[in-house]
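Below is one structure, written out as structure tokens; the observations come after it.
In what follows, every heavy atom counts, from backbone to side chain, and hydrogens, waters and symmetry copies are set aside. The sequence lines fix the lettering, A, B, ..., with proteins before strands; numbering per chain opens at 1.
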Amino acid sequence: MNKPDVRAILESLLLAAREPVPLERLQTVLDDIEPGTVLEALRSLEFEYAGPARGIHLVRVAGGYQFRTNPDFGDRIRIFLESEPVRLSPAAMETLAIIAYRQPLTRAEIEEIRGVNSSGVLNTLREYQLVETIGRLDDIGKPHIYGTTDRFLAFFGLDDLSDLPTLDESEMQSLIDSFEDLPTEDLETPDDTAEPVE
Amino acid sequence: MPDTDNTNDDVPPELQLDLPSYTGPMDLLVDLIREHQIDIFDIPISLITRRYLAYIEHLEDLDLQVGGEWLEMAATLVHIKSRMLLPDEPDDDEEEGPDPRDELVRRLIEHQLFQWAAERLHERPQLSRDFVMAPPRAEEERRTMGPPKLRPATLSDLVDALRRIIEERGDDEKWVYEITREELSLKGVILDISSRLRRHPRMEFAELFDSVDVTRHRIVTTFLALLEMTRLDMIRLFQPRLDDDRPNTIIIERAVIDIVDVSQSLDFPDFDS
């Protein structure tokens with residue numbers, strides 16, 4: 001089977017998919033084709049379905065491949081679907097950012113950073129399924145430990161948490177220079193080794 | 001950040017702050033530091049404390065409730081200020097003790113870092129605001145399109161549906177006296193339902209009673225058949241989530257492909273006679 005055929009099959013599979021499809025799953029379905037050929041075909045599709053001239057974009061989100069509409073046309077899509085977008089307040093965005101970069105963490109830890117009560121805004125984020133309880137701390141009151149969901153990744157078009165925006169080197173350096181004694185690892189991506197207590 | 005255009009002539013200049021815009025004490029502190037073009041690593045703590053307390057008093061003057069977090073920060077500021085006034089301990093004069101402002105500065109920087117991160121995140125294309133996934137499916141992506149949503153039917157839904165069939169189609173006389181007795185067994189009804197479902201994976205409950213007499217015997221047997229088939233995972237019963245033109249229709253869905261074979265292999269004594 002030659003490459004154009006593989007591309008066509010992949011296009012069909014991705015259009016039929018209801019959620020991001022991991023590479024391995026595509027390679028399993030196309031088990032009569034070299035895994036390398038599948039990957040190559042995917043890469044070429046990804047290159048093709050991109051940019052302002054295409055209405056359909058192929059993106060890598062939440063660990064899989066998925067077709068989505070070109071973000072430039074969000075306004076028209078909303079008119080077409082007569083849909084209301086999810087609107088996140090600045091407080092919700094701030095809380096979401098804290099959870100995304102610092103997870104896993106408890107409400108108390110969120111509030112320590114924000115300096116304000118955050119139970120309302122946490123409920124909102126949970127309703128939107130952007131954050132979830134990923135464990136309970138073995139402490140007084142068994143507080144919930146929060147983390148972001150796969151839907152969070154899909155929502156912001158992130159492949160995984162390492163895709164989160166980071167300070168570029170010069171920005172980070174200027175912070176380090178000006179404040180040597182302070183911890184500067186604030187915006188490192190979350191540490192996978194930190195396991196929550198179930 | 002607060003909008004400083006919103007000033008009021010009755011308020012002394014040092015109190016001219018846009019109250020509702022601050023999400024918390026950190027926000028206010030950052031704004032005060034920006035406004036006075038203060039070096040964050042050398043905060044004039046007296047000035048900031050004075051301005052901060054003035055703001056809180058202003059809140060109280062306006063009868064706005066001052067939350068605990070505002071008072072906590074006020075206490076922190078006053079504490080730092082008092083420690084700044086104390087002379088260094090004579091014992092450790094060779095090494096400068098930690099600056100009492102360090103912890104506050106660390107929190108301010110951390111707060112600013114997350115503000116930055118939140119803004120970057122917000123700028124990204126967002127699901128439902130900027131794009132939808134293919135095929136569109138989530139609630140916020142498509143509100144008015146798509147097939148009616150189904151939910152699993154409960155036992156009482158099934159009883160309601162049976163009751164409606166009796167009301168609409170039941171022949172009163174037969175219902176009460178039931179003179180004729182049909183040749184109707186539980187297995188026969190299951191086979192009948194199965195053969196219909198083999199052709200059409202989904203059917204409506206009322207179709208089961210098309211072109212037959214609705215007798216008590218048939219009602220009870222059909223009811224038992226549906227229960228038995230559900231128990232054996234041969235079928236699933238659903239109801240539309242939205243009550244539109246056909247309220248409370250029960251939808252019977254085939255759950256196995258070889259449903260007729262399965263029902264033929266069923267083994268239970270005939271219900272009849």
Contacting moiety of B:Arg129, where chain A heavy atoms sit under 4.5 Å: both

Atom pair CD1/CE of A:Ile113 and B:Met26 - distance to nearest 0.5 Å: 9.5 Å

Residues, nucleotides or ligands: over 12 heavy atoms within 6.0 Å of A:Arg54 CZ: yes

For B:Phe131 against A:Phe155, the heavy-atom pair lying closest together: CZ-O, 3.8 Å

Distance, nearest 0.5 Å, that separates CD of B:Gln115 from CZ of A:Arg114: 8.5 Å

Minimum side-chain heavy-atom gap A:Arg102-B:Glu110 below 4.5 Å: yes

Heavy-atom proximity to chain B below 4.5 Å, by part of A:Val61: side chain

Student check: side-chain heavy atoms of B:Met133 and A:Glu19 closer than 4.5 Å: no

Minimal non-hydrogen separation, B:Ser128 against A:Pro85, with atom names: O-CB, 3.4 Å

Close side-chain approach of A:Arg68 and B:Leu127, heavy atoms under 4.5 Å: no

CD (A:Glu48) with more than 12 external heavy atoms under 6.0 Å: yes

Other residues, nucleotides, ligands: >12 heavy atoms within 6.0 Å of B:Ile257 CD1: no

A:Pro165 vs B:Glu123 side-chain heavy atoms within contact, under 4.5 Å: no

Side chain to side chain, B:Gln126 and A:Phe156, heavy atoms closer than 4.5 Å: yes

Residue A:Glu112 excluded, over 12 heavy atoms near CD under 6.0 Å: no

Spacing of B:Asp130 atom CG and A:Arg78 atom CZ [to the nearest 0.5 Å]: 7.5 Å

Chain B contact via A:Ala92 - which portion, at a heavy-atom distance below 4.5 Å: neither

Pairwise side-chain contact, B:Pro25 with A:Val116, heavy-atom cut-off 4.5 Å (strictly under): yes

Interatomic distance, A:Leu96 atom CG to B:Phe114 atom CZ [nearest 0.5 angstrom]: 11.5 Å

B:Glu119/A:Met93 under side chain to side chain contact (heavy atoms under 4.5 Å, CB included): CA gap, chis, key distance, verdict: CA-CA 8 Å; B:Glu119 280 164 29; A:Met93 283 306 302; over 6 Å; no

